[in-house]
> 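Before I ask anything, here is the structure I am working with.
Every number for a ligand or one of its atoms is a count from 1 in the order of the listing.
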Amino acid sequence: MTSSRSRNLSRLPLREELQGQEPYGAPQLSVKAMLNVNETTYDVPADVVDAIGKEVRAAAAHLNRYPDREFSVLRDKLAEYLNRDLASEAQPAELTAEHIWAANGSNEIMQHILQAFAGPGRSVLAFPPTYSMYPLYARGTYSEYIAGTRAADFTQTPEDVAAQIREHRPNVVILCSPNNPTGTALSLETVEAAYAAAEESETMVVVDEAYGEFRQSGTGSALALLPGREKLIVSRTMSKAFALAGGRLGYLAAAPEVTDAMRLVRLPYHLSAVTQATAVAALDHSATLMANVERIKEQRDRIVGSLEQMGLHPAPSDANFVFFGGLADEKAAWQHLLDDGILIRDVGIPGHLRVTAGTAEETSDFLASLQRFITSTTA
Ligand SMILES: *Cc1c(COP(=O)(O)O)cnc(C)c1O
């Protein structure tokens, strides 16, 4: 915002907690390699583009009518999709449309959750460094945000998470797994321990699995823990693995009574017919889209290996990005990469940066540019 605009804004009778605040704003620069917000850097495959075009065209004829308020077709397809994920881990796959809620990005999913279960006089606990949007969701829903803590290496143990939940007794606790920006997933024992502690204070437990599809084999999804846990919510998104950040479709799986709570707070017809059609078409082509997920995971593992060889310290990643430390001057490294047309993320942690895994070519460009930086600064 320009300073004259912010002066004008300060004349308005804004809510106290919004005064002097900055809006969310990761840079949207147009450079050769945009590796800063964890999008899929492959364009949407041509057959998926055609399918979306067809579905949206069919929906267009009926845009005179309000959309299906219950987005039933979409919820069925999301349940089927998650059941395939569960089956791949040899877990019982019993999700139905009743367990599914969707919204305009998991941003809106989180807003619905906090509108229903947090709010004025209530609190939300999360564990920074974590997704920078969590405090904004809390602020926007008039909820108190409690910043928990992590170990020095940014990991979390079952005992530590449970102890912090018992200490703060929040109304909602958000576990980000794999965590953004650090990339590491939580063990299911940690989620179970968090849930057991949360039960004592009737706390809703949200596991944000925005990057769930990128997890390492052997890392379980919290979806498997849903049966018998009615205060557990697993949040997912089509923004990352489905290459659909522009489509704005997030969703959750939880007990049917949780989705009923969401119906109390959503705006009527919150999911447009165009959004529903787009997501349905993408889900019909999940096999094509998941092939790119495998390619991205290869580049992710390649980045981790190469950074180690450079003497840097990448964190283990279950996501489509890598968080790494060991830089003497992360701001200089970030600028050097940008001068080479490569935009990555400075997440505000000294000595560290975060890079999205993209195509093989983008990875090569990133690694070569960073190697030049390391060589030039240690020469
Ligand atoms: C990218 C991301 C999301 C996705 O948000 P959308 O609103 O679905 O695009 C959610 N959670 C985390 C931790 C993320 O990094």
> Looking at ligand 1, would Asn38 count as a contact under a 4.0 Å heavy-atom criterion?
no

> Which atoms of ligand 1 sit under 4.0 Å from any heavy atom of Cys176?
13 (C)

> Nearest protein heavy-atom contact for atom 11 (N) of ligand 1: which residue, which atom, what distance?
Asp208 OD2, 2.8 Å

> Could you check if a side-chain atom of Leu74 sits within less than 4.5 angstrom of a side-chain atom of Leu249, using non-hydrogen atoms only?
yes

> Counting from 1, what ligand 1 atoms have a heavy atom of Arg248 closer than 4.0 Å?
6 (P), 7 (O), 9 (O)

> Under 4.5 Å between any side-chain heavy atoms of Asp85 and Arg236, yes or no?
yes

> Students should be able to answer this: which protein heavy-atom is nearest to atom 7 (O) of ligand 1, and at what distance?
Asn107 ND2, 2.5 Å

> With heavy-atom distances below 4.5 Å as the criterion, would you say the side chains of Tyr145 and Pro128 are in contact?
yes

> Is the Tyr137-His112 ring centre distance short of 6.0 angstrom?
no

> What are the atoms of ligand 1, with element, lying closer than 4.0 Å to any heavy atom of Ser239?
6 (P), 8 (O), 9 (O)

> For Lys240, take its heavy atoms, then give the atoms of ligand 1 lying under 4.0 Å from any of them.
1 (C), 2 (C), 3 (C), 4 (C), 14 (C), 15 (O)

> May I ask you to identify, for Asn180, whether its side chain, its backbone, both or neither come under 4.0 Å of ligand 1 on a heavy-atom basis?
side chain

> Considering Ser106, Gly105, Ala210 one by one, which has a heavy atom nearer to atom 4 (C) of ligand 1 than any of the others?
Ser106

> Between His352 and Phe323, is the ring centre distance below 6.0 Å?
yes

> Met110: heavy atom below 4.0 Å from ligand 1, yes or no?
no

> To the nearest 0.1 Å, how far is atom 15 (O) of ligand 1 from its closest protein heavy atom, and which atom is that?
Tyr211 OH, 2.6 Å

> Are Ser221 and Glu209 close enough that some pair of their side-chain heavy atoms sits under 4.5 Å apart?
yes

> Looking at the rings of His270 and Phe71, which for Trp means the six-membered one, are their centres under 6.0 Å apart?
yes

> Quick one: do Glu108 and Arg248 make a salt bridge, cutoff under 4.0 Å?
no

